[in-house]
Amino acid sequence: MPARHDGGALGGGAPRVVWLTSESDPRLVSARSVAADLAREARPAHLVWNPGSGEVVQQVPIVRAARALTGRAGREGRICAQIMVVGQAREPFTTGLLTGLEEIMRWLDAWGVPRRWPAGPPLPSPQSYHSGRSRRDWARGGHYGGSQVPDTSRPDPGAIDIHRVTGPDALIAAVPHPRPVPGPETAPGLPPVSTRIAARRPGEPVPGPLHAAEPLRSAEALRGSDPARTPDPLHRSGHTRTDPESLPAMVAHVAMVASAEAAAGAVGRVPGPAGCDDVPATPTPAPAAAPLPGPGRSSPAAVPPAPEPASMRS
């Protein structure tokens with residue numbers, strides 16, 4: 001029973017199939033009757049299937065989009081099969097007979113629809129009205145319930161047993177869990193805290209989860225014997241840095257050392273000429289006596305004798 005109007009050309013993408021329910025009793029209503037109602041309402045599906053009797057009616061070719069789904073979701077995918085099951089969402093159709101299901105599954109396999117449920121099992125009605133309808137799950141392709149299709153508000157097909165539809169080996173997308181935050185027991189590259197506490201030496205502090213911060217120390221505790229130099233707690237190689245607060249003490253210390261060295265070096269030293277360093281205070285040697293005149297040597301200049309006193313003159 002082909003429909004006069006379909007949903008148009010498919011948009012391309014991952015192949016998928018959507019399971020829907022007609023909200024009618026399969027014991028009282030035939031697949032042909034449901035197909036006639038869908039055609040009259042211009043909402044044809046690809047297949048209308050009565051699982052009790054096995055009756056199947058195809059309304060739209062699988063290479064064209066059907067109109068049982070509203071919105072653009074029904075036109076997404078290179079295959080987007082819409083199967084209307086004669087049944088009700090509050091009574092999942094997998095609880096009864098599934099006559100003719102194997103033929104339908106082989107037909108879908110031939111068109112490349114994978115046997116998996118990216119969004120997981122459909123929720124029961126009425127909880128299915130609040131399904132996630134994730135676009136990310138929809139883009140993967142596979143089998144979906146009408147309540148899992150994005151941009152729709154359908155509650156069907158209810159809590160069906162997906163393993164009875166696609167088989168016991170059907171893949172189900174795992175529910176994502178948030179990643180654990182690294183803590184004392186999950187920090188990468190470190191053993192548990194209990195192991196580190198047991199392995200510590202007697203008297204050592206309990207190690208922290210990662211690199212435990214050292215306790216703050218005062219400037220007096222960090223300052224060594226030299227008040228002008230302060231060890232830097234951020235450097236473990238022994239380098240030191242100058243503490244700005246200790247500059248006056250450093251100046252006084254240097255002046256004191258310089259004064260002590262000057263006092264110790266002043267003993268046995270006399271000041272030299274201006275601009276020269278001090279010279280040792282050694283005794284200056286006396287000038288050598290003039291040599292006596294001898295042969296071949298010139299005599300020194302004659303020195304006039306001192307005049308005699310008048311009392312000594314005769």
**Derivation and outcome, side-chain contact (heavy atoms from CB on, under 4.5 Å), residues R16 and I79** = CA-CA 6 Å; R16 56 181 62 89; I79 297 296; over 6 Å; no
**Message:** Between R43 and D37, is the salt bridge (charged side-chain N to carboxylate O under 4.0 Å, His left out) condition met? List the steps.
**Reply:** CA-CA 9 Å; R43 296 189 301 110; D37 293 341; over 6 Å; no
**Request:** Test R135 against D151 for side-chain contact (heavy atoms from CB on, under 4.5 Å), laying out the working first.
**Result:** CA-CA 9 Å; R135 273 281 172 186; D151 306 326; 2.8 Å; yes
**Request:** List the steps and the verdict of side-chain contact (heavy atoms from CB on, under 4.5 Å) for R64 and L10.
**Result:** CA-CA 6 Å; R64 300 284 292 181; L10 293 168; 5.9 Å; no
**Prompt:** Given V63 and W111, is the side-chain contact (heavy atoms from CB on, under 4.5 Å) satisfied, shown in steps?
**Reply:** CA-CA 10 Å; V63 294; W111 287 101; 3.8 Å; yes
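Between R116 and T166, the side chains place no donor N or O within less than 3.5 Å of an acceptor N or O (distance only, hydrogens not considered). Between the side chains of W138 and E76, at least one donor-acceptor pair of N or O atoms lies under 3.5 Å.
With hydrogens and angles ignored, the 3.5 Å screen pairs no side-chain donor or acceptor of R75 with any backbone N or O of G8. Remark: side-chain polar atoms of Q58 are not paired, donor with acceptor, to backbone N or O of H46 under 3.5 angstrom. Here the side chain of T94 pairs a donor or acceptor atom with the backbone of D161 at under 3.5 angstrom. Not one N or O on the side chain of N50 forms a donor-acceptor pair closer than 3.5 Å with the backbone of S30. The closest donor-acceptor contact from the side chain of R67 to the backbone of G7 lies at 3.5 Å or more, if one exists at all.
Between R154 and S147, the closest side-chain pair of non-hydrogen atoms is not below 4.5 Å. Residues H143 and M105 have side chains in contact (heavy-atom distance under 4.5 Å, counting atoms from C-beta outward). Here the side chains of S24 and V34 are in contact, with some heavy-atom distance below 4.5 Å. In this structure, L20 and I83 have side chains that are not in contact, with every pair of non-hydrogen atoms separated by 4.5 Å or more. A heavy-atom distance below 4.5 Å is found between the side chains of P121 and I162.
When every heavy atom of G146 is checked against every heavy atom of P157, the shortest pair comes out as N-CD, 3.6 Å. Listed here is the closest heavy atom pair of G112 and P15: O-CG, 3.2 Å. Of all heavy-atom pairs spanning P92 and A159, the tightest one is CG-O, 3.4 Å. Nearest heavy-atom pair across G13 and R78 is O-NH1, 3.0 Å. Contact between A73 and V149 at its shortest, heavy atoms only, is CB-CG1, 3.5 Å. V57 and A35 make their closest contact through CG1-CB, 3.9 Å (heavy atoms, listed as atom of the first residue, atom of the second, distance).
No option in S125, P124, P126, P122 other than S125 meets the side-chain contact (heavy atoms from CB on, under 4.5 Å) test with P155. Evaluated for a side-chain contact (heavy atoms from CB on, under 4.5 Å) with D156, the options V85, T21, V18 yield exactly one hit, T21.
W49 and W19 have perpendicular rings, their planes meeting at more than 60° on a 0 to 90° scale where under 30° would count as parallel.
Note that CG of L38 and CD of Q59 are 5.5 Å apart. Values are rounded to the nearest 0.5 Å. Here the straight-line distance linking atom CD of Q148 with atom OG of S131 works out to 6.5 Å at 0.5 Å rounding. Summarising the geometry, atom CG belonging to L69 is positioned 6.0 Å from atom SG belonging to C80; distances are rounded to the nearest 0.5 Å. Distance check, rounded to the nearest 0.5 Å: CZ of R115 to CG of D109 gives 4.0 Å.
L123 and I160 sit in two unconnected hydrophobic clusters of ILVMFWY residues. Membership requires side-chain heavy atoms under 4.5 Å apart, directly or through other members. One hydrophobic cluster holds both L101 and L47 under the rule that ILVMFWY side chains link at heavy-atom gaps under 4.5 Å.
Between W117 and Y144, the ring centre distance reaches or exceeds 6.0 Å.
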